[in-house]
Amino acid sequence: MKKNSLLILLLFSLMASANVRMPLLFSDGMVLQRNKQIPVWGWADANEKVVVHFNKQTKSITADKNGKWMVKLDAEKAGGPFELTITGKNKMVITNVLVGEVWICSGQSNMEFQVSKTMNSEKEINDSNYPMIRHFGVAQDLSGTPKEDLKAGKWAVCNKENVGDFTAVGYFFAKRLFVELKIPIGIINTSWGGTNVETWTSREAFENSSEFKDMIANVPQVDIDSLSKSQIGLITAKIEKIQGSKVSTNEELLFKELNFDDANWPEMKAPELWESQQLNNLDGMVWMRKSIIVTKEDANKKAILELAKIDDQDFTYINGVLIGTTNNYTKKRTYQIPEGLLKEGKNVIAIKIIDNTGGGGIYGDESDLKLTLQNSVIPLSGRWKFNVVQIKSEVSPNGYPSLLYNAMINPLVPFAFHGVLWYQGEANVTRAKQYQIAFPLMINDWRTKWKQGDFPFYFVQLSTFDEFGGNSKTGSNWAELREAQTQTLSFPNTGMAVTTDIGNAKDIHPTNKQDVGTRLAAIALNNTYSKKMIFSGPSFKSQEIKGNESILTFDNIGSGLSTSDQNGVLKGFEVAGADKVFYPAKAIIENNKIIVSSEKVPNPTAVHYGWADDDTEINLFNKEEFPASPFRTDDWEMITANGKYKVSK
């Protein structure tokens with residue numbers, strides 16, 4: 001009996017090892033790139049013969065000694081659906097395969113941002129019956145060494161049931177392309193919120209970079225499991241020192257109660273993400289408490305509690321009673337407080353916050369953090385008590401370089417596609433000067449890995465966000481990062497969508513992703529698909545000083561310079577002399593040039609336009625309504641000049 005059991009196990013083992021296996025990208029509903037050779041690869045037994053059949057093509061190959069194999073199908077025209085059949089000792093049939101245009105969508109949270117969270121999301125979802133558009137969602141994962149396959153992921157057909165989970169920028173890009181080209185569009189979404197550019201770049205790229213080779217030489221090959229244990233230990237020790245107590249859930253049931261003594265809890269500011277305060281690099285569970293005084297006139301009456309936005313999920317209590325919970329980091333919290341709950345005198349708001357990844361805590365506009373009573377409004381911005389009760393053990397993707405490249409990009413190579421859409425930079429603003437090197441390094445790295453030449457790489461310039469209050473007087477991290485992005489346009493086959501007019505200074509995740517995707521599509525339609533059209537706004541070209549005036553010329557003016565102001569007033573221009581002190585300037589359009597001047601600067605040297613973290617009010621466009629990119633005419637030292645990438649310790 002034992003011999004028979006062993007024989008059966010051996011046979012099953014042999015059968016399992018004989019099965020041809022494919023990367024997760026090759027699955028039902030996929031889109032293959034048209035008009036290019038199509039690499040098809042996978043794994044089998046050593047020296048096993050593998051036959052690939054697609055449409056009218058048949059290719060065969062023998063797996064190498066490690067069981068790896070790859071064939072390259074001849075280029076196909078757009079069409080489908082087809083079947084892709086792979087036969088070895090077993091047979092795999094991949095169905096509903098289309099051939100069309102494939103684009104990789106990557107970056108941080110504004111690329112990760114889903115259709116369900118955009119403005120007018122209900123309308124967009126109801127108008128999403130586009131079965132020729134397909135979306136592949138790459139599961140978030142990280143690795144210390146390059147992986148051969150993804151952790152998880154699947155192709156989804158665009159419809160009302162699926163589209164809410166699509167990358168919004170990628171979807172609106174794909175939708176515009178489909179309307180224009182009338183062929184299948186595939187988008188591969190590989191993104192992760194809060195991540196820096198260095199985690200998306202391979203180790204080899206750093207080793208060959210004069211800027212980064214010393215850094216990478218001191219970075220060992222990372223074992224994620226051991227790193228996770230080490231990191232959680234370091235974070236735990238740091239937090240326990242801050243709060244003077246253990247990180248534990250043992251007493252958390254008491255934290256919501258009115259009479260719980262939180263006198264020894266530390267404090268943080270709200271609204272402000274805790275990563276920018278004491279709890280940097282923390283993902284986990286944190287309680288926040290705030291005591292308020294309610295008058296006799298407002299006690300026992302209905303009220304409205306507004307908590308701005310909370311990243312990611314909250315459970316909100318008033319005097320121990322749960323009044324609401326939301327699991328959406330982009331949604332403002334507004335909770336109704338019923339009669340009889342608020343008491344005369346001291347009351348306590350207690351919030352259990354669960355942060356899964358990226359930023360955490362209460363954030364947004366101070367005006368959205370308040371308690372509205374019958375007779376008064378109590379502002380809730382300011383200091384809140386906090387206590388960390390749980391730390392997630394996952395390693396931060398920013399902890400070491402290349403972690404996301406290894407797990408979420410390398411497994412995609414050498415899948416055929418046409419180009420890349422990229423929305424990232426927020427996590428690099430304090431190192432904007434170095435981003436001038438790091439961002440092109442990543443672009444060239446991906447082009448080297450794929451060996452598809454200088455494929456199109458189109459990216460989104462950072463929108464407005466008032467993170468540090470930076471401007472021309474104090475310096476602006478965000479303006480310097482936007483400048484680094486603009487300079488990347490000097491690299492071949494790149495394009496940039498400017499979004500200064502569709503941001504939100506109080507929200508790092510503006511919900512208008514429709515215009516972002518459409519502007520990227522305009523670049524692609526003009527540059528990639530030869531549909532001649534205006535695809536960008538004015539970009540600074542040169543400056544000429546004449547007396548007390550600075551005369552600016554621009555490229556990409558379309559049919560002429562314009563302004564969104566009904567009275568024709570240009571905003572956002574500043575001018576400085578040799579003393580480097582900037583003053584608001586008068587700016588007028590004359591013969592498609594901008595003439596800038598200020599009574600306070602008789603001898604102008606430099607002009608700034610939109611040089612601030614919050615550049616909401618700038619309003620220079622071309623007549624085709626594409627906004628001008630912020631710029632400066634000087635080359636004075638940047639405030640991020642000394643910011644260098646460092647590995648987390």
Side-chain angles (χ1 to χ4, degrees), residues 107-109 142-146 192-224 226-239 241-242 273-283 357-360 391-409 424-445 462 467-468 470 475-478 480-481 483-485 488 637-649:
Q108 56 182 111
S109 54
L142 40 79
S143 176
T145 55
W192 190 319
T195 54
N196 57 39
V197 73
E198 290 84 3
T199 194
W200 294 101
T201 307
S202 78
R203 185 181 185 95
E204 290 80 10
F206 292 125
E207 289 172 340
N208 293 316
S209 166
S210 59
E211 176 74 17
F212 292 101
K213 65 181 180 180
D214 290 340
M215 175 276 295
I216 201 66
N218 295 315
V219 177
Q221 294 288 350
V222 177
D223 178 81
I224 295 299
S226 61
L227 180 60
S228 177
K229 293 178 182 178
S230 173
Q231 181 166 298
I232 195 171
L234 292 172
I235 295 175
T236 300
K238 175 185 174 182
I239 289 173
K241 183 177 180 181
I242 291 172
L273 292 174
W274 61 50
E275 272 77 2
S276 62
Q277 302 183 70
Q278 301 101 310
L279 304 183
N280 58 313
N281 294 327
L282 173 72
D283 298 323
T357 187
I391 300 170
K392 291 184 67 176
S393 61
E394 285 85 350
V395 174
S396 166
N398 292 335
Y400 283 81
S402 309
L403 295 182
L404 296 190
Y405 173 84
N406 291 336
M408 297 176 65
I409 298 298
Q424 187 274 340
E426 299 93 333
N428 280 84
V429 293
T430 58
R431 294 181 280 108
K433 176 70 174 178
Q434 195 179 43
Y435 198 78
Q436 295 177 9
I437 299 172
F439 184 30
L441 179 69
M442 190 208 73
I443 296 173
N444 289 333
D445 180 34
L462 292 191
E467 183 173 17
F468 304 110
S476 169
N477 294 332
W478 283 68
E480 291 183 7
L481 197 287
E483 179 181 66
Q485 292 174 314
T488 304
E637 188 174 60
M638 304 168 68
I639 63 170
T640 63
N642 297 319
K644 300 294 183 182
Y645 175 73
K646 296 178 181 178
V647 175
S648 298
K649 299 296 184 182

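Note that the structure is predicted; figures quoted are calculated from it, not measured.
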Any donor-acceptor pair under 3.5 Å from [X] side chain to [Y] backbone:
X	Y	answer
T488	P440	no
T199	L404	yes
S143	L403	no
T236	I232	yes
E275	G360	yes
S202	A205	yes
N208	E204	yes
N196	N428	no

Going by the angle between their ring planes, with limits at 30° and 60°, are Y645 and F206 parallel, tilted or perpendicular?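 Parallel.
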
Tell me, please, which residues at least two apart from I639 pass side chain to side chain contact (heavy atoms under 4.5 Å, CB included).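 Only N477, E480 meet the side chain to side chain contact (heavy atoms under 4.5 Å, CB included) criterion with I639.
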
Residues Q108 and W192: side-chain donor-acceptor under 3.5 angstrom: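 On atom types as modelled, these side chains do not qualify, holding no pair under 3.5 Å.
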
Yes or no on side chain to side chain contact (heavy atoms under 4.5 Å, CB included) for W200 and D445, after CA distance, side-chain angles and deciding distance? CA-CA 10 Å; W200 294 101; D445 180 34; over 6 Å; no

Within 6.0 Å of CD in E207, more than 12 heavy atoms from elsewhere: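 For E207, atom CD is crowded (more than 12 foreign heavy atoms under 6.0 Å).
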
With sequence neighbours excluded, tell me which residues meet side chain to side chain donor-acceptor pair (under 3.5 Å) with K213.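 For K213, no residue satisfies side chain to side chain donor-acceptor pair (under 3.5 Å) once neighbours in sequence are set aside.
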
Could you check whether any side-chain heavy atom of L441 comes within less than 4.5 Å of a side-chain heavy atom of V197, counting everything from C-beta outward?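 No, every pair of side-chain atoms sits at 4.5 Å or beyond.
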
Could you check if a side-chain atom of Y400 sits within less than 4.5 angstrom of a side-chain atom of V647, using non-hydrogen atoms only?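 When only atoms from C-beta onward are counted, V647 and Y400 do touch, with a gap below 4.5 Å.
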
salt_bridge(R431, E198) N-O dist < 4.0 Å: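 Looking at R431 and E198, the cut-off is met.
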
Derivation of the side chain to side chain contact (heavy atoms under 4.5 Å, CB included) call for M215 and K644: CA-CA 10 Å; M215 175 276 295; K644 300 294 183 182; over 6 Å; no

